[in-house]
Amino acid sequence: MIEPVALKDFFITFFSSALIILAGAAYALLFAWSKINSHTGIKIGALAAYAVLVASVLELTRAAQFQGYWLIISVAMVIGYFFAPIGIWHLCVKTHGHPDDTSIKTKIQEDEQ
Amino acid sequence: MNTPQLDNVIPKPASVLDKARIYRDKFKAWVNLDSSNLTAGQQLAVKYFTVAVILFVAQILFGLLSALQFIYPGFLYGILDFNVNRMVHINAMIVWMLYGFIGSIYWLIEDESGTEIVGLKWANIAFWVLTGAVTLVVLVYLFVQVGPGKDSSLWFINEGREYIEAPRWADLGITAVMLVFFYNVVATFSKGNWSGIAGVLVLDLIALVGLYLAGMFYMTNITHDQYWWWWVIHLWVEATWEVLVGVIMAWSLMKLLGVRRKIVQTWLYIEVALMFGSGILGLGHHYFWIGMPEYWLSVGGFFSALEPIPLVAMVVHAIYDSGVHAFKTVNHPALAWVIAHAFGNFFGAGVWGFMHTLPQINLYTHGTQWSASHGHLSFFGAYATINIAFFYLAIQQWRGNVWMAAGTRHAWRWKWALGLLNAGVVGMTVALLIAGYEQSFIERAVEGSTWAGYFAAQNQPSFQHAMNWRMFFGLVTAAGLGLLVWDLLTIGKYEERKAEKVVEKVIVH
Ligand code: HEM
Ligand code: HEM
Ligand SMILES: [Fe+2]
């Protein structure tokens, strides 16, 4: 059964839903970037994006009044969005692995120097 | 009797035709395109693209009329009613996008299969049959606006199913044309080479055409009717169209940026798995309130919550790929529109879709301007953009594979067209979002979805302001489209430099 969102929670429901997707993408991008650039700030940024995601999931869970098996969605989002960027990153690298391409990694590291 | 005076007033049919012919020739001379730059398959493709652009213009004109009717409800009342304008607006959209997709496939299969199109003669006949049918259907929409709800209306006037309203005779015609198209594709690959891209394309086309049949039954029970109708709409845009666009993108990325086949193909397979894995049961988000069993609340909520994942993956990959290839391309407008597609798909479908997909909130937003906000951003962001990108690829070849990157003449035109179209649609999206928010608040939550509540919401100042802003941004969109058409007709006209062939160019140090 569902418990509809309360009137006062309309805005926060839309807001936290949008933030989940945006924070998920930001985390994925920052995670990928942190792999090709060892700057610690980027890693912290990635974790911060993930923290925003977790907070948004918690807020949506409250606002949308998830109970019982609906909580599976919250758990799936928290776990799924943590691992998905790692998978996406491996995929990006693996599909681009080519004998004569030194990959974007060296290019960016050289730019840094 | 000979009446010389009248002869001067009423033009003879022959002279009207002559005049039209003169104008057409003048236009052709001005555009100055040389079709000998194209293969036979590409010549057919550009016919599809031409009709697509004309229908795109029609879509926008009828959109403007319906938007104006929100502000002045009496405007054209009884002459061209809102329901008719809205119908032409969204049916023209579906049809122009399908024309764009079909054209793109005809464009790429010769290159992809390494051989000439099989059954080209049939394909050309099919094009004219389809275009004739579309014209007739639209004319009937406009001239027979009211009538009885009889079987014959269903066969000859209008099927009454949002987005795919074509009457049944046209449905059968469309299906026949699709079979010809399908034959062209399969036979061409069979004669030439199959590839991973070709395999995905053919399987996807089977699903796409097969689903269209689900929109052709007639059921007396509205729940049953809607049940099947959503199969077409949802499973098109959230599964088969996404994959079709994936195929077109995979091929375009190889051409535009020189990305290797192995990369685009691996991504395509993963995309298919993720899209179908979440999108098929995500269908449930349309079954919440139409009289289907209650378990659809959970199924729809859960699976459509997964739908943004492939979109997140795609946007990350697009940025990664652009970084690797350092945006090196010989066609700047096409690449710009591909990037607009990646972001548009992510925001329109992923973010805007997720915001209203859980039944806990969809209970209030269902069928309000909220849906229209999402509908505009997603259809434009995901599908208009990629078609426009392909139009630019096509025009480049049509001009003789000319250079269309840095230093193109009048580059401001494509840049402003890109800016105005995107700003216009985003502006409309935000205006509709505000209207939808107000509607779900007042009409649904406060007034409890009553008839009086509906009017209370429509009369709120915030709703009415939002409708004015939508009109304003609609005009911005229309200006962008005007510029786009002008640019497509003229870009590369005086360009002498040839585009070099793009080969896989990864930055190597
Ligand atoms: C490119 C992909 C998409 C397109 C073109 C698209 C388009 C549309 C359109 C036009 C409608 C309105 C249908 C009507 O006339 O009633 C709609 C409804 C809806 N869409 Fe999407 N959509 C896309 C992806 C998504 C995704 C990924 C989600 C979920 C995450 C989603 C969630 C919904 C929901 C819940 C509705 C129902 C709104 C209501 O109850 O009125 N859509 N979509
Ligand atoms: C000049 C620009 C445009 C204007 C003024 C306009 C206006 C409108 C209006 C008034 C409606 C009817 C909404 C209702 O029933 O309340 C509508 C529906 C729709 N339009 Fe547009 N439109 C424009 C451009 C576009 C574009 C560029 C696209 C996509 C490529 C698009 C896609 C749609 C869709 C999918 C619907 C159905 C939405 C739903 O029922 O939820 N429109 N439009
Ligand atoms: Fe859907």
Side-chain angles (χ1 to χ4, degrees), chain A residues 1-11 13-22 24-29 31-33 36 60 63-66 68-70 72-74 76-77 80-81 84-85 87-89 91-98 100-104 106-111, chain B residues 259-260 262-267 270 274 288 294 297-298 301-303 305-317 319-321 323-326 346-347 350-365 370 433 436-437 440-441 444-446 504-509:
Chain A
M1 258 318 283
I2 62 163
E3 194 61 51
V5 173
L7 190 57
K8 65 172 177 34
D9 285 332
F10 270 29
F11 183 76
T13 303
F14 295 130
F15 192 76
S16 55
S17 310
L19 213 51
I20 290 173
I21 311 294
L22 292 171
Y27 165 55
L29 281 169
F31 179 86
W33 193 17
I36 48 182
L60 181 63
Q65 319 203 47
F66 285 170
Y69 61 83
W70 280 95
I72 299 173
I73 292 187
S74 310
M77 285 194 290
Y81 276 105
I88 294 171
W89 164 251
L91 208 70
C92 280
V93 175
K94 288 234 172 70
T95 49
H96 284 266
H98 195 257
D100 53 35
D101 102 38
T102 344
S103 93
I104 192 170
T106 27
K107 150 87 177 140
I108 289 178
Q109 279 168 353
E110 273 171 20
D111 284 354
Chain B
V259 184
R260 259 172 308 115
K262 198 185 116 218
I263 299 176
V264 293
Q265 232 153 251
T266 311
W267 273 98
I270 290 165
L274 291 175
F288 295 158
E294 208 174 286
L297 293 178
S298 328
F302 188 79
F303 283 92
L306 300 178
E307 282 188 58
I309 291 176
L311 305 172
V312 171
M314 268 149 57
V315 89
V316 173
H317 180 232
I319 292 174
Y320 181 92
D321 241 25
V324 173
H325 296 272
F346 172 72
F347 278 97
V351 179
W352 253 249
F354 185 62
M355 279 200 274
H356 66 155
T357 205
L358 293 169
Q360 286 88 345
I361 191 70
N362 188 268
L363 175 63
Y364 302 105
T365 60
W370 231 109
L433 187 70
Y437 186 77
S440 46
F441 224 81
R444 301 294 165 80
V446 176
E504 162 92 352
K505 255 194 245 137
V506 189
I507 303 149
V508 181
H509 278 263

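On a predicted model such as this, the values are computed, not experimentally measured, just so you know. A note on names: the letters A, B, ... follow the listed sequences, proteins ahead of strands, and every chain is numbered from 1.
- Taking chain A as the reference chain and counting heavy-atom pairs below 4.5 Å, the highest number among B:Leu311, B:Asn362, B:Leu358 is found for B:Leu358.
- The shortest heavy-atom contact between A:Ala18 and B:Val351 is CB-CG1, 3.8 Å.
- Of the residues considered (A:Leu29, A:Ile20, A:Leu60, A:Thr13), A:Leu29 shows the highest number of contacts with chain B, using heavy-atom pairs under 4.5 Å.
- Neither the backbone nor the side chain of A:Leu19 has a heavy atom closer than 4.5 Å to any heavy atom of chain B.
- Using a 4.5 Å cut-off between heavy atoms, A:Phe11 touches chain B through backbone and side chain atoms alike.
- The distance from atom CD1 of A:Ile21 to atom CZ of B:Phe347, rounded to the nearest 0.5 Å, is 11.0 Å.
- The shortest heavy-atom contact between B:Met355 and A:Ser17 is CA-CB, 3.8 Å.
- Under the side chain to side chain donor-acceptor pair (under 3.5 Å) criterion, B:Trp352 pairs with B:Ser373, not counting sequence neighbours.
- At a 4.5 Å heavy-atom cutoff, the contact between A:Glu3 and chain B is made by backbone atoms alone.
- Residue contact with chain A, scored on non-hydrogen atoms closer than 4.5 Å, involves the backbone and the side chain of B:Phe441 alike.
- Closest of all the heavy-atom pairs between B:Pro359 and A:Trp70 is CG-CH2, 3.5 Å.
- Interface residue B:Thr365: only side-chain heavy atoms are found under 4.5 Å from chain A.
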Stepwise side-chain contact (heavy atoms from CB on, under 4.5 Å) check, B:Val316 with A:Trp89: CA-CA 9 Å; B:Val316 173; A:Trp89 164 251; over 6 Å; no

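- Options B:Val312, B:Leu363, B:Thr266, B:Ile361 differ in how many heavy-atom pairs under 4.5 Å they form with chain A, and the most are formed by B:Ile361.
- Ring planes of A:Phe10 and B:Tyr364: tilted class, angle from 30 to 60°.
- Contact record, B:Ala445 with A:Leu7: CB-CD1, 3.3 Å, taken as the closest heavy-atom pair.
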Please evaluate residues A:Phe14 and B:Leu433 with respect to the criterion side-chain contact (heavy atoms from CB on, under 4.5 Å), reporting the C-alpha separation (whole Å), side-chain torsions for both, the decisive distance (0.1 Å), and the verdict. CA-CA 11 Å; A:Phe14 295 130; B:Leu433 187 70; over 6 Å; no

